[in-house]
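Below is one structure; the comments refer to it alone.
We use all heavy atoms of the structure for the numbers below, so side chains are in, but hydrogens, waters and symmetry mates are not. Within every chain, numbering begins at 1; the chains are lettered A, B, ... in the order of the sequence lines, protein sequences first and strands thereafter.
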There are 2 protein chains.
Amino acid sequence: MQLDPSSTADLSAQIASAIRDAIISGRLIVDERLPSEAELSDTFNVSRPTVREALKRLAAQSLIRTQRGATGGAFVNRISFEEAYSQQITTSTLLLSMNAVSFETALEARYALERACAPLAAERRSADHLAAMRAEIHRQGQPGLTDEAFCASDVAFHRALVDAAGNPVLSYQLAGAVEAMQPLMNMITFTARDRARIVALHGGIADALERQDAQGTRSGLQALEEETRTLGQDVMAQRAARAAEADG
Amino acid sequence: MQLDPSSTADLSAQIASAIRDAIISGRLIVDERLPSEAELSDTFNVSRPTVREALKRLAAQSLIRTQRGATGGAFVNRISFEEAYSQQITTSTLLLSMNAVSFETALEARYALERACAPLAAERRSADHLAAMRAEIHRQGQPGLTDEAFCASDVAFHRALVDAAGNPVLSYQLAGAVEAMQPLMNMITFTARDRARIVALHGGIADALERQDAQGTRSGLQALEEETRTLGQDVMAQRAARAAEADG
DNA sequence: CAAGTTGCATATGTCTTACAATTAGGATTT
DNA sequence: AAATCCTAATTGTAAGACATATGCAACTTG
C-alpha cells in the first residue's frame, strides 16, 4: 500500500483510500487485522493522529471495526445487511431532502421498485409475512392514530411486502427507497376517509398476495400509487396556495 | 447539541452522531458553516483531534466538506447524485462479496429492479438513450473484446436503459444493483456463441424500446435474465467440479 | 492440583502543545 | 489606482504523554 506523492488531497483521505482499495480488491479479507496504528504511521510516514483520522473514515463506512486492548486493533468488517440498510437510508433521505426531489419523482421510483417484487412476493410469501401485513392493516384502522404513526405503520406494511419476496438483496435495495420517502409522506395529513381508502387498498394487496395473485398485487400497488399521488398533489397545491397568499 | 454522558461509545462517534442528527433533522442546513474545530472542542469539552476524528467520519459520508484558510471551515454538503451513486456502489459491492450472496439471488434482484423501469423507459426513452444503447451493442459485437470489456459495455448498456426511465431516483437506486453485479459477472467467460446470443437479446430490447413497447422490453429483459442465469450456473458447476477434483 | 487473582504488555482512546500550509481580506507601497 | 505584502483565522500534520481496556501469563491460595 503506497501513497501518491503528487496528490493534493489530505493524507488521511489518501491513506483511507489506499486501505479501502485493499479491502475492495480482496487483498485484505474479512476479519483480518490491520497493522496497529503505530505500525501504519511508520509505513505511511505520517503521525498517529493522521492514521487515526483515516481509520475513522473507514469506520464511518463500516469497512472496519476497532477493538481496544491487548489483542485489539482494526479489523476488516463483514458489512451486514443491517449496516448497509441504515447507511443507504441515511444517504437516500438526505439525497431527497437536499436536492429538491419532487414528491412525484420519488413516489414513481418507489412504486416502480415495489411493483418489481410483486411476482416474487406472490410466489414466496409466508404466513409470517401475511400476518405482519394484516397486523399493520389492523393498526392503520384504529381511530386516534397520529399521522406519523399511520405513516410508520405504512412503512412497516410495505417492508413486510418487500421482505415477502424472499430476496435479501432486493430488500436491501428497496429499504432506501421506501424509508427515504417517509419524511415526504409525513407532510401529508390523512383524513379519516383517506385512511379508509388506503386501508382498503392494503387489504386488497394482502388478499392478492394470500391467493398468490401476482397480477392482482401489481394492480393493487398501482392503485395505491395513484391514491397516494393524489393526496400528495393536494397537499402541494394547498401549500402553494398558502405561499401565494402570504406573498401577496 | 449535547452528548450522552452514559454512553460508552467513542467520543468522536458520539460527536459525529450529534452533528449528523442536526444535519438530518434540518437544524443545520446546506452550505451552512459549522463552528471551527476549536469552538467545537470547547462546546463538547473534548480535544481538537477528537473533534477532527468526528468530522472525518462525517466527511466520509459526504455529509460535510472542509476548506482551509481564513474563511474556511466545515460546511454542510449538498450530497450529489454522483456521490450517492459511488457510495452505494461501494457498499453494495462489498455487501455482495462479503456475505456470500449467490449469483442467483443477485441476478434475480437485479433483473426484478430493471424490469421495473421498463414501462417508464419505453414511454420516455430519448434518441440519445437509444443511440447509447446501440453504440454499446455494436461494441459488444466486435471481435477481440476481452471478457472484462464486454462486461463493462454490458453495464453501460443497462445503465442507459435505466437512465432512459428519466427518473433520477430510480437511476440512483439501480446503479448499486447493476454495478455491484459486475464482479460476479466478471467471473463468467463468454464464448463467441454466448456473446452473439446476448447481443441479439440486447438488440431486441433496444428495438422494443424504440417502438415504445413496454411489454416487449419486459420480456426481452426476462429472456436476458434467463440466458445470464444459465451462463452463471454453468460457471458455478464447473468451479464446483474443479474443486471436487482438487480435493479428491 | 485447580481456581481465582494479580500484574504486565499491548493496543486504542484522548489530551496538550506546537508548527505548517492555505486563504481571504485589509494595509501598504509603488 | 493597482499591485503587493502582511496578517489573522482556520484546517492539516506532528510528537509526546497519559488514560483505559483487554488478553494472557505468572502467581498465589484453598
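- The CG atom of Leu55(A) sits 15 Å away from the C1' atom of dT14(C) (whole-angstrom rounding).
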Exercise for review: Tell me, with the steps shown, if Ser80(B) and Tyr85(B) meet side chain to side chain donor-acceptor pair (under 3.5 Å).
Suggested key: CA-CA 9 Å; Ser80(B) 68; Tyr85(B) 276 147; over 6 Å; no

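- In this structure, the nucleotide among dT14(C), dT12(C), dA15(D) sitting nearest to the side chain of Pro49(A) is dA15(D).
- Of the side-chain N and O atoms in Thr50(A), one or more sit less than 4.0 angstrom from OP1 or OP2 of dA14(D).
- Summary of the strand contacts: Arg48(B) and Glu53(B) both lie near DNA chain C, and taking for each the nucleotide with the nearest heavy atom, the more 5' one is attributed to Glu53(B).
- Rounded to whole angstrom, the span from the CD atom of Glu37(A) across to the C1' atom of dA19(D) amounts to 14 Å.
- Aromatic ring orientation, Phe150(A) versus Phe190(A): tilted (interplanar angle from 30° to 60°).
- Rounding to whole angstrom units, CZ of residue Arg52(A) and P of dA17(D) are separated by 18 Å.
- At the heavy-atom level, Arg65(B) lies nowhere under 4.0 Å from the strands shown.
- Mapping Thr71(A) and Ser36(B) onto DNA chain D by nearest heavy atom places Ser36(B) at the nucleotide closer to the 5' end.
- Counting to the nearest Å, the C1' atom of dA15(D) and the CG atom of Asn45(A) are 14 Å from each other.
- The separation between Gln67(A) atom CD and dA21(D) atom P is 14 Å, rounded to whole Å.
- In this structure, Leu11(B) atom CG and dA21(D) atom P are separated by 12 Å, rounded to whole Å.
- Residue-to-nucleotide contacts include no donor-acceptor pair under 3.5 Å from the side chain of Arg68(B) to the base of dT23(C).
- The listed nucleotides are dT10(D), dA14(D), dA8(D); the one nearest the side chain of Arg33(B) is dT10(D).
- Here the side chain of Thr66(A) is nearest to one of dA24(C), dG12(D), dG13(C), namely dG13(C).
- Checked against Asp154(A) for a salt bridge (charged side-chain N to carboxylate O under 4.0 Å, His left out), the options Arg110(A), Arg139(A), Arg159(A) give a single hit: Arg110(A).
- Following rounding to the nearest Å, Phe75(A) (CZ) and dT22(D) (C1') show an atom-to-atom distance of 12 Å.
- Whole-Å rounding puts the Ile64(B) CD1 to dT10(D) P distance at 16 Å.
- Judged by distance alone, the side chains of Ser171(B) and Asp163(B) do bring a donor and an acceptor atom under 3.5 Å apart.
- Residue Ile19(A) forms a side-chain contact (heavy atoms from CB on, under 4.5 Å) with just one option from Leu58(A), Val76(A), Leu63(A), and that option is Leu58(A).
- Distances from the side chain of Ser47(A) to the nucleotides dA14(D), dA11(C), dT14(C) place dA14(D) closest.
- Nearest nucleotide to the Lys56(B) side chain, out of dG23(D), dT13(D), dG12(D): dG12(D).
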